[in-house]
A.B. asks: 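Would you mind keeping the following structure in view while I ask a few things?
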Amino acid sequence: MQRIAAAGNTARREDQAALAKAGEDKARVLAELRSLAGSAWTRADQKNRQLWFGLGGAAIGILAWSILPGLVAREIVPTSWQWPERIAARTLDMPMWEGGQRLMRTAAPDAFANIAAGDQIVTANRKALEDCRKRADRAHDAVRCTVSVAPGRKK
């Protein structure tokens, strides 16, 4: 009987040791699972952060790129470089001369029409105006000149 009891005690101790080891293994596996789940959350958070920082950087870049060139063109570079004018012409996708005409025509149509009419008169009377300028230079005073004006177009 004692041998049976001793054999039973030995078996129970082995079972208790096996149960204790199984409990430790379970605790270790659960700790590993928690760390994996935690790192998975951390990875997702990191990807979200990277996305938001990337979008924020792109937005700041767009904003800076829209403000800085105009600021540099107006305030920093010499006016002889004509950067604002070149930027305006490039924006209109036109040479500077035609772009300037378009801007004037859009900003003040009546004033631009007057400029265009004056240019037509000067172009048509270039020789007479040159002669008149020479007479004024010799006289050191204003002189009267005769010019020809073509009839205007009917609207």
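Just so we're clear, the structure is a prediction, and the values are computed from it rather than from any experiment.
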A.B. asks: Whether Asp137 and Lys134 form a salt bridge (side-chain N of Lys/Arg under 4.0 Å from carboxylate O of Asp/Glu) is what I want to check.
C.D. replies: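 Salt bridge: no.
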A.B. asks: Taking NZ, NE, NH1 and NH2 as the nitrogens, is one of them in Arg28 or Glu32 under 4.0 Å from a carboxylate oxygen of the other?
C.D. replies: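 Between Glu32 and Arg28 there is a salt bridge, with a charged N closer than 4.0 Å to a carboxylate O.
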A.B. asks: Apart from Val77 itself, what residues make up its hydrophobic cluster when side-chain heavy atoms of I, L, V, M, F, W and Y under 4.5 Å apart count as a link, directly or indirectly?
C.D. replies: Val72, Ile76, Trp81, Trp83
A.B. asks: May I ask you to test the Leu19-Gln16 pair for a side-chain heavy-atom distance under 4.5 Å?
C.D. replies: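 A side-chain contact under 4.5 Å is absent here.
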A.B. asks: For the CG atom of Leu51 and the CZ atom of Arg49, what is their distance to the nearest 0.5 Å?
C.D. replies: 12.5 Å
A.B. asks: Between side-chain atoms of residues 91-117 and protein atoms elsewhere (two or more places apart, or another chain), which donor-acceptor pairs fall under 3.5 Å?
C.D. replies:
from   : atom 1 : to     : atom 2 : distance (Å)
Thr91  : OG1    : Ile87  : O      : 2.7
Thr106 : OG1    : Arg102 : O      : 2.8

A.B. asks: Decide salt bridge (charged side-chain N to carboxylate O under 4.0 Å, His left out) for Asp131 and Arg135; before the verdict, give the C-alpha distance in whole Å, the side-chain angles of both, and the deciding distance to 0.1 Å.
C.D. replies: CA-CA 6 Å; Asp131 293 343; Arg135 284 191 301 142; over 6 Å; no
A.B. asks: Closest heavy-atom contact between Leu129 and Val147?
C.D. replies: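 Closest approach of Leu129 to Val147: CD2-CG1, 4.0 Å.
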A.B. asks: Just verifying a value: how many Å separate Leu68 CG and Leu63 CG, rounded to the nearest 0.5 Å?
C.D. replies: 8.5 Å
A.B. asks: Tell me the closest heavy-atom pair linking Pro69 and Ser66, and the distance in Å.
C.D. replies: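 Of all heavy-atom pairs spanning Pro69 and Ser66, the closest is CD-C, 4.3 Å.
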A.B. asks: With rounding to the nearest 0.5 Å, note down the distance linking CG in Asp45 to CD in Gln50.
C.D. replies: 11.5 Å
